[in-house]
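Each chain gets a letter, A, B and so on, in the order the sequences are listed, and its residues count up from 1. Computed from a predicted model, the values in this text were never measured in an experiment.
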Number of protein chains: 2
Amino acid sequence: MSIGVIEVPTRRALLVQKIEEQILTGKLRAGDSLPSERQLQEETHISKTMIHAALVELEQKGFLEITPRRGAVVANYTETGTMETLNARIRLNGGNMTAKQTRSFLEARIAIEGAALRRLAERRTDEDLAYLEQILAQADALLEREKSDDAALADALFRFHRGICLRSGNEFFPLLLNEFRPIIMEFWMRSIAVFGAASNVHLAKRYLELIRAGDAEGAFHRLERSVNEYLSCLDEQ
Amino acid sequence: MSIGVIEVPTRRALLVQKIEEQILTGKLRAGDSLPSERQLQEETHISKTMIHAALVELEQKGFLEITPRRGAVVANYTETGTMETLNARIRLNGGNMTAKQTRSFLEARIAIEGAALRRLAERRTDEDLAYLEQILAQADALLEREKSDDAALADALFRFHRGICLRSGNEFFPLLLNEFRPIIMEFWMRSIAVFGAASNVHLAKRYLELIRAGDAEGAFHRLERSVNEYLSCLDEQ
DNA sequence: TCCAGTAATTGGTCCGACCAAAAGGACGGG
DNA sequence: CCCGTCCTTTTGGTCGGACCAATTACTGGA
């Protein structure tokens with residue numbers, strides 16, 4: 001057990017976190033208006049510049065709606081919520097997704113990556129295969145090392161699956177994966193912990209072979225099956 | 001033709017827009033580094049506080065990568081790009097998607113909304129149906145009016161289809177639709193222009209009936225068919 | 001040639017003051 | 001009693017200067 005880097009949070013980050021908490025725990029509800037920036041300044045003893053910066057950050061994350069000279073109100077995140085909002089919600093929960101969130105995530109994964117997988121298997125080129133092979137070679141190199149680096153391997157797995165979306169020719173799929181990134185990385189870290197590093201890389205190679213063979217349905221069903229395996233392993237715990 | 005609301009953009013927004021333009025038009029390429037914040041301050045006569053805020057915003061949008069004390073470089077948006085990045089790209093192009101983007105969008109729509117549709121049809125409750133009916137009632141009310149308001153109708157259609165995702169029980173799908181929002185709204189505006197307002201509302205009612213009947217496959221194929229119709233109509237133009 | 005020491009530069013944070021627009025009263029004519 | 005006009009207050013948005021810590025670039029001596 002190492003202590004690791006100790007980072008001092010900034011006042012602004014703390015303020016953002018505090019307001020996020022109030023919203024996510026329901027103390028602040030959609031439609032509620034926040035105190036004015038000056039009032040917050042007095043309460044918190046933080047300069048108005050930083051108060052303002054924090055509120056703008058929360059607006060960009062989809063938590064608030066700011067109208068100039070009218071104030072900030074808590075947004076209804078059914079209306080404005082994005083992946084950013086969800087990431088914050090998960091972070092608040094100590095980085096753990098609820099069972100429902102996990103299921104939702106995997107369902108979304110099948111929908112998006114499944115579609116990409118099908119398309120890619122149908123129209124893969126040599127260039128596509130080379131692109132994916134190169135990422136797997138990096139993953140193999142990571143396996144060879146004596147010191148295992150799970151984070152680097154998870155990153156490689158992420159890039160492999162994003163590569164599938166990228167090479168499917170659809171311009172939206174890889175962007176969606178980028179949006180999901182923190183969640184997907186967490187997923188792979190867990191998968192490595194449960195099934196082992198080698199097993200995950202081996203599975204990736206299976207996908208590549210199915211794509212090479214042009215077996216769209218086979219690749220899709222492989223995805224469905226591995227997701228279900230993951231789910232049943234999760235249920236056991 | 002009405003003039004509409006005139007909103008004064010903030011300096012920060014203008015700076016963000018300008019840098020976005022430079023990146024999207026290729027004047028700034030991935031890997032290029034930006035001038036330092038102080039240099040930008042001199043060039044633009046905008047205070048460093050605002051310069052910094054603008055750069056951070058661009059980082060959150062996936063256009064830049066900022067390293068403390070090293071500067072900001074233009075990001076490779078394969079790596080960092082999000083829906084926000086794509087929205088900006090489309091906005092720069094006058095709100096028009098390329099043919100490939102349109103195809104990608106519709107493919108993503110089938111993947112996501114199709115999955116939601118299937119799930120919802122299998123496990124819909126009376127509450128779910130009432131929720132969707134209520135949105136369609138609003139759409140009907142809009143149709144009755146003598147003055148047609150396409151934007152309001154497009155919004156209702158958006159909320160109906162987001163409602164499908166919301167009521168599917170998957171926590172990710174509605175968030176994804178929010179992320180897509182500007183693009184989806186553009187899509188519905190176009191669909192209203194091509195097929196007419198009544199026709200679009202009528203189609204929505206068909207989905208609702210298929211969901212009510214629990215016909216998951218029927219609903220899914222309805223979606224596929226209407227997407228293909230839209231595509232072939234687009235090809236004709 | 002090398003290296004320690006230093007000066008300059010960088011992004012990140014913070015402050016207190018000011019601006020223009022909007023909201024809310026106060027006032028006065030009808 | 002009503003309604004427009006004027007003025008004060010409050011609001012978010014902006015500014016320029018300051019400081020910090022880390023990095024980089026340079027410089028002088030061994």
Open item on the list: Any salt bridge linking Glu79(B) with Arg162(A)? Criterion: basic side-chain nitrogen under 4.0 Å from a carboxylate oxygen.
Closed with: yes
TODO: Look at the side chain of Thr49(A) and the base of dG16(C), then say whether one donor and one acceptor between them are separated by less than 3.5 Å.
DONE: yes
- [ ] Would you tell me if any nitrogen or oxygen in the side chain of Thr10(B) comes within less than 4.0 Å of OP1 or OP2 on dG13(D)?
- [x] no
Open item on the list: Any carboxylate oxygen within less than 4.0 angstrom of a Lys/Arg side-chain nitrogen, looking at Arg181(A) and Asp155(A)?
Closed with: yes
- [ ] Test Asn170(B) against every option in Gln101(A), Lys100(A), Glu107(A) by the side chain to side chain donor-acceptor pair (under 3.5 Å) rule and name the one that passes.
- [x] Glu107(A)
- [ ] Please determine if a side-chain N or O atom of Arg11(A) lies less than 4.0 Å away from the OP1 or OP2 oxygen of dC14(C).
- [x] yes
Open item on the list: Check this for me: does the side-chain of Arg38(B) come within 3.5 Å of the base of dG11(C) through a donor and an acceptor?
Closed with: yes
- [ ] May I ask you to decide if the ring planes of Phe187(A) and Tyr230(A) are parallel, tilted or perpendicular, using 30° and 60° as cut-offs?
- [x] tilted
Task: Among dG12(C), dT13(C), dT10(C), the nucleotide that comes nearest once only the side chain of Ile66(B) is considered - done: dG12(C)
Open item on the list: Of the listed nucleotides (dT11(D), dC15(C), dT13(C)), which one gets closest to any side-chain atom of Ser47(A)?
Closed with: dC15(C)
- [ ] Provide, to the nearest angstrom, the distance between the CD atom belonging to Glu57(A) and the P atom belonging to dT13(C).
- [x] 9 Å
Open item on the list: Go nucleotide by nucleotide along DNA chain D from the 5' end; which of Lys48(A) and Gln41(B) gets its closest nucleotide reached first?
Closed with: Lys48(A)
TODO: Could you tell me the separation between the CG atom of Leu64(A) and the P atom of dG12(D), rounded to a whole number of Å?
DONE: 11 Å
Open item on the list: Tell me the interatomic distance from Glu37(A), atom CD, to dA22(C), atom C1', rounded to whole angstroms.
Closed with: 15 Å
Task: Side chain of Arg70(B) (C-beta onward), nearest among dT24(D), dG11(C), dA21(C) - done: dT24(D)
Task: Distance below 4.0 Å between His52(A) side-chain N/O and dG13(D) OP1 or OP2 - done: yes
TODO: Identify whether any heavy atom of Leu55(A) sits under 4.0 Å from a base atom; if not, whether one sits that close to sugar-phosphate; answer base, sugar-phosphate or nothing.
DONE: nothing
